[in-house]
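To start, the structure itself, in structure tokens.
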Amino acid sequence: QVQLVESGGGLVQAGDSLRLSCAASGRSFSGYAMGWFRQAPGKEREFVAAISWSGSSTYYTDSVKGRFTISRDNAKNTVDLQMSSLKPEDTAVYYCAARIGTLRYDIGNEYRYWGQGTQVTVSS
């Protein structure tokens, strides 16, 4: 069992930066690949970024490449999402998740443990 708690969301203006953090507790955080997903009102949840258990590999959806950076600190049991050049279309609730699957990083069903989410609102 892994418990995940996100923080760092808020209201920012377009072009601003924001750093989300996900704190994990429970078993073997370092053994899980981790991901960030988001869900905007009226839309389906979508993949944002993922990082391998070691941190050596990262994956991003096309719309955030070059703007978002995912990182992790296995000693601190945290995974962060640094977001820059934010756009109004980045507005969503952001969730971190721990992956148990082995096929793809961008599918929510590959992830077993989810946080409660943190709201990010980007005004134009």
Side-chain angles (χ1 to χ4, degrees):
Q1 187 80 9
V2 176
Q3 293 79 40
L4 303 171
V5 179
E6 303 95 336
S7 62
L11 172 63
V12 296
Q13 294 186 333
D16 285 351
S17 298
L18 203 60
R19 189 177 185 92
L20 305 183
S21 186
C22 176
S25 61
R27 55 178 293 183
S28 304
F29 169 78
S30 61
Y32 292 95
M34 298 295 295
W36 285 94
F37 288 75
R38 66 187 180 186
Q39 187 167 20
K43 295 187 177 180
E44 293 188 354
R45 181 181 61 196
E46 67 169 346
F47 169 75
V48 177
I51 188 167
S52 62
W53 67 269
S54 66
S56 61
S57 299
T58 56
Y59 309 85
Y60 299 93
T61 192
D62 286 346
S63 63
V64 308
K65 284 180 181 177
R67 300 189 298 122
F68 291 12
T69 302
I70 189 171
S71 61
R72 68 187 297 161
D73 186 336
N74 286 341
K76 296 181 179 180
N77 284 4
T78 59
V79 57
D80 291 350
L81 186 68
Q82 177 67 46
M83 306 184 293
S84 60
S85 302
L86 282 162
K87 304 175 181 180
E89 51 264 43
D90 295 319
T91 295
V93 177
Y94 284 71
Y95 300 89
C96 73
R99 178 174 177 262
I100 62 167
T102 59
L103 296 178
R104 292 177 58 172
Y105 280 92
D106 60 343
I107 298 177
N109 287 345
E110 293 270 309
Y111 295 77
R112 171 171 290 179
Y113 304 108
W114 294 80
Q116 82 290 347
T118 186
Q119 176 71 48
V120 172
T121 303
V122 184
S123 64
S124 57

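All values below come from the heavy atoms of this structure, side chains included, with hydrogens, waters and symmetry mates left out. Numbers here are sequence positions counted from 1. These numbers come from a predicted model, not from an experiment.
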Among residues two or more places apart or on two chains, list those pairs meeting salt bridge (charged side-chain N to carboxylate O under 4.0 Å, His left out) that have a residue in residues 66-77.
Arg67-Asp90
Apart from Val5 itself, which Ile, Leu, Val, Met, Phe, Trp or Tyr residues share its cluster (side-chain heavy atoms under 4.5 Å, direct or through members)?
none
Spell out, as yes or no, whether a donor-acceptor pair under 3.5 Å connects the side chain of Arg99 to the backbone of Arg104.
yes
Quick one: does any side-chain atom of Glu110 pair with a main-chain N or O of Thr102 as donor and acceptor, under 3.5 Å?
yes
Donor-acceptor check, side chain of Asn74 to backbone of Trp53, threshold 3.5 angstrom: yes or no?
yes
Distance in Å, Gln119 CD paired with Leu11 CG, rounded so as to fall on 0.5 Å steps
9.5 Å
Contacts of type side chain to side chain contact (heavy atoms under 4.5 Å, CB included), residue Glu89, not counting sequence neighbours
Lys87
What pairs with Gln82 under side-chain hydrogen bond (donor to acceptor under 3.5 Å, both in side chains), at least two apart in sequence or on another chain?
Arg19
Residue pairs meeting salt bridge (charged side-chain N to carboxylate O under 4.0 Å, His left out), one or both in residues 115-124, sequence neighbours left out, come to none
Rest of the hydrophobic cluster containing Tyr59 (Ile/Leu/Val/Met/Phe/Trp/Tyr, side-chain heavy atoms under 4.5 Å)?
Phe37, Phe47, Val93, Tyr95, Tyr105, Tyr111, Trp114
Test of understanding: with side-chain hydrogen bond (donor to acceptor under 3.5 Å, both in side chains), list the residues that count as partners of Arg112, not counting sequence neighbours.
none
Shortest non-hydrogen separation from Ser124 to Pro88 and the atoms involved
CB-CG, 3.8 Å
So the salt bridge (charged side-chain N to carboxylate O under 4.0 Å, His left out) pairs with at least one residue in residues 42-52 (sequence neighbours excluded) are Arg38-Glu46
Give me the atom names and distance for the closest heavy-atom approach of Ser17 to Ser85.
OG-N, 4.3 Å
Please identify each residue that fulfils side-chain hydrogen bond (donor to acceptor under 3.5 Å, both in side chains) with Ser56, with sequence neighbours left out.
Ser54
Residue pairs passing the disulfide bond (SG atoms under 2.5 Å apart) test where at least one lies in residues 9-101, sequence neighbours excluded:
Cys22-Cys96
In the hydrophobic cluster built from side-chain contacts under 4.5 Å, what are the other members alongside Val12?
Val2, Leu4, Leu18, Leu20, Phe29, Tyr32, Met34, Trp36, Val48, Ile51, Tyr60, Val64, Phe68, Ile70, Val79, Leu81, Met83, Leu86, Tyr94, Ile100, Tyr113, Val120, Val122
Taking side-chain hydrogen bond (donor to acceptor under 3.5 Å, both in side chains) as the test, write out the residues that go with Thr69, two or more places apart.
none
